[in-house]
Each structure stands twice: as structure tokens, then as C-alpha cells.
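These figures come from a predicted structure and were not determined experimentally. Naming: A, B, ... by sequence-line order, numbering from 1 per chain.
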Protein chains: 2
Amino acid sequence: MKKNEVTKLSMSDAQVDEAARQFSVLAESARLILLRELMAGEASVGELVERTGIKQGTVSKHLGILAAAGFLERERRGNKVIYRICDPVVYDLCSLMCCRLSDEAKRRAQSLAD
Amino acid sequence: MKKNEVTKLSMSDAQVDEAARQFSVLAESARLILLRELMAGEASVGELVERTGIKQGTVSKHLGILAAAGFLERERRGNKVIYRICDPVVYDLCSLMCCRLSDEAKRRAQSLAD
DNA sequence: GCACTATACTACCTTATCGCGATACTAAAC
DNA sequence: GTTTAGTATCGCGATAAGGTAGTATAGTGC
């Protein structure tokens, strides 16, 4: 499957639903913050709670959602659970979105200059 | 800003919020369906209503959301309004997600084989 | 101006999901 | 086996978003 062929007309409605579901997993500030932390390397739930200030239950829930979506993988290590990014696509998706945001910012600055 | 530097640790919480908002725009089946149609070329609201079977009010609303997010641009042509994709990033984001989905499918098939 | 078509806007209801607190589970340590 | 730290889950209230119907606005042709 080549990149530019994939999205043109070949997606079934079921695939569209699934894609939407995948995007919705990334459409949450808390989850992006967790991903951002995990981009620096694997971490346990407790470490992420400490670093982000998000409540434990909430962190656990979001990590579960990210793992269920296939972005993260879990590993039990003693009485801790380690999460790490297991799909490099995460980096690409976030990079694209970030570039897009900076471009938008430039565009808006341009508009203001008029 | 280089691609692989962007998302590592440099995003502020405000940028994360904005990124989440952008992803949430794509986290909707109806909007992905409209994007899929528009990937074949520009189209009017009426044409999109016809092709997708989605109600006019709903189509108009979603097109408005996509345009507000900077994915689409509007052009009034007579008594019709034409929409078209104005940000090529859309193709990349959707391609990445589609490739990811097919990979996931393969992974799941592999798991079933065990 | 008047009818007709195309698009946008508003209000309402429904559904989904977030964050939180409390609680239950799991594994190590004693 | 009991305790303790770490993690997961459940139930709740609140908030946000989607879909629809109805209405308003804008352009076209007579």
C-alpha cells in the first residue's frame, strides 16, 4: 500500500469509523501530555502521575485507552506497571500536527499583518 | 523546526491543547467521510449531501468545522458554495492512520494465528 | 419584485466522555 | 497471612459534541 493511494477512495465506511476512533484517542490533552512524557522514555504509572500532576485514576484510564488503541504497550515489573510507546507512528502523527500548528500560527500572523 | 524535534519535549500545555483540538476535528466519521469525498476533488455542499447521504444541515456544520480548523477552504460560486482541501497535511495524516490501521489488522490476524 | 434553490444558523434533545473520589485488585515484603 | 505500595475499575455529576428539525439568509432566473 503506497502512501498516496491509501486515503483517496479506498476506505470503507467501517474503516472510516475505525480511523475516527483512532484520531479520537489522540484528541485529548491529557493523553497527548502522557505521550509527550513517554516520548522521553518508558515510565511507570506513578512516575507519570508525579510528572504530570494528573490524578492516578485518570492517568491509569488514559494509559489504558492508549494501550488499547495500540499506541502503548504495558509491562508488569514487580508491583509497578511500565508503559512505553510501541508504535512509531505516534511520532509522525504528532510531528505532522505540530508542524501544522506552527504553520497555522504563521498564517495567522500573516493575516494580522494585512 | 525539524520534524523529529518538534514533538519530543518542546510542546507547551497550550500547544498540546491546540493539537488535541485539531485531532478532535478528525475524530469524527462524518468529517472523515467528507474529507474522503473532497480528496477526489472540490465539491459543493449539495453534491456532498447527495454522495454521502448525510443531511444538509449536518454536512454544512461539519464542513464549517473543517474549514474553521484550516483543513478546507470555501469559495462561493453563484448560488453554490464550493469546498476544497487546502492543507496537504490532511493527506499525510490520513495516510498514516490508514497504514496504521492495516498494520493493526495484520497484527490482529497474527495474534489469531497463535 | 417574486418564486426557487442552496447554504447557514439556532434550539433542543441525546449521547459520550472527562475528572474525581472511592473501592477493588495485584504483587512484593515482612 | 497480613500489610503496604502500586495500579485498575466503578459510579457519579458535569460538560461537551453530535444529529435533527425548523428557520433565516443569499443568490438565480423569470
Side-chain angles (χ1 to χ4, degrees), chain A residues 13-14 16-38 41-86, chain B residues 13-14 16-38 42-84 86:
Chain A
D13 287 1
V16 166
D17 281 355
E18 185 58 21
R21 216 182 55 77
Q22 294 279 318
F23 276 123
S24 75
V25 171
L26 300 178
E28 193 73 16
S29 303
R31 288 196 282 270
L32 291 184
I33 287 172
L34 290 170
L35 283 177
R36 182 183 61 183
E37 295 300 324
L38 289 172
E42 62 180 28
S44 70
V45 178
E47 286 170 351
L48 292 170
V49 170
E50 240 183 82
R51 283 193 224 157
T52 62
I54 303 171
K55 303 276 181 185
Q56 183 271 323
T58 305
V59 169
S60 179
K61 186 201 286 185
H62 285 308
L63 290 174
I65 291 171
L66 285 164
F71 292 116
L72 303 182
E73 61 186 7
R74 268 180 54 119
E75 179 195 339
R76 179 131 222 156
R77 203 175 289 170
N79 62 348
K80 297 189 181 183
V81 174
I82 307 299
Y83 283 90
R84 79 179 66 88
I85 293 173
C86 68
Chain B
D13 288 1
V16 166
D17 281 356
E18 185 58 22
R21 215 183 55 74
Q22 296 280 316
F23 276 123
S24 75
V25 171
L26 299 177
E28 193 74 16
S29 303
R31 288 196 281 271
L32 291 184
I33 287 171
L34 291 170
L35 283 177
R36 181 183 61 184
E37 294 301 324
L38 289 171
E42 61 181 28
S44 69
V45 178
E47 285 169 351
L48 292 171
V49 170
E50 238 182 86
R51 283 194 225 159
T52 62
I54 303 172
K55 305 270 181 185
Q56 183 271 324
T58 303
V59 169
S60 182
K61 185 200 284 190
H62 286 307
L63 290 174
I65 291 170
L66 285 164
F71 292 114
L72 303 183
E73 63 185 6
R74 270 179 51 117
E75 179 194 341
R76 176 131 224 153
R77 202 176 290 168
N79 63 345
K80 297 189 179 182
V81 174
I82 308 298
Y83 283 90
R84 80 177 66 86
C86 68

message: If you assign each of Ser24(A) and Gly57(A) to its closest nucleotide in DNA chain C, which residue comes earlier from the 5' end?
response: Ser24(A)

field: Nearest heavy atoms of Glu47(B) and Glu42(B), plus distance in Å
entry: OE1-O, 4.5 Å

message: Tell me whether the side-chain N/O atoms of His62(B) come closer than 4.0 Å to OP1 or OP2 in dG19(D).
response: yes

Between C1' of dG19(D) and CD1 of Ile33(B), the distance in whole Å: 14 Å

- request: Return the value, rounded to whole Å, for the distance between atom OH of Tyr83(B) and atom P of dA6(C).
  value: 15 Å

query: Counting distance only, does the side-chain N/O of Ser60(A) pair as donor-acceptor with the main-chain N or O of Gln56(A) below 3.5 Å?
result: no

field: Euclidean distance, atom CD1 of residue Ile65(B) to atom P of dA17(D) [Å, nearest integer]
entry: 9 Å

task: Could you work out which one of dC18(C), dG21(C), dG19(D) sits closest to the side chain of Lys55(A)?
output: dG21(C)

- prompt: Just how far, in rounded Å, is C1' of dT7(D) from CG of Leu72(A)?
  reply: 15 Å

field: Leu72(B) vs Leu35(B) side-chain heavy atoms within contact, under 4.5 Å
entry: yes

query: Please walk me through it: do Gln22(B) and Phe71(B) pass side chain to side chain contact (heavy atoms under 4.5 Å, CB included)?
result: CA-CA 10 Å; Gln22(B) 296 280 316; Phe71(B) 292 114; 3.8 Å; yes

Spacing between Leu34(A) atom CG and dC18(C) atom C1', to the nearest angstrom: 14 Å

Sub-4.5 Å side-chain heavy-atom contact between Val49(B) and Ile54(B): no

task: Figure out the CG/P separation between Leu63(A) and dT9(D), and round it to whole Å.
output: 12 Å

message: So for Gln56(B) and dA8(C), does any side-chain atom that can act as donor or acceptor lie under 3.5 Å from a complementary atom in the base?
response: yes

- prompt: Rounded to the nearest Å, what distance is computed from the CZ atom of residue Arg31(B) to the P atom of nucleotide dG19(D)?
  reply: 8 Å

query: Less than 3.5 Å between a donor and an acceptor, one on the side chain of Glu28(B) and one on the base of dA17(D), is that the case here?
result: no

query: Side chain of Ala30(A): nearest nucleotide among dG19(C), dG27(D), dG18(D)?
result: dG19(C)

- request: Ignoring backbone atoms, establish whether Ser60(B) has a side-chain N or O less than 4.0 Å from OP1 or OP2 of dA8(C).
  value: yes

statement: Quick note, Val45(B) side chain, CB onward, closest among dG6(D), dC18(C), dA8(C) is dA8(C)

message: I'd like to know if Lys61(B) reaches the base of dG19(D) with its side chain, counting only an N/O donor and acceptor under 3.5 Å.
response: yes

query: At under 4.0 Å, does any side-chain N or O of Arg74(A) touch on OP1 or OP2 of dT7(D)?
result: no

- prompt: What integer distance in Å separates Asn79(B):CG from dA6(C):C1'?
  reply: 6 Å

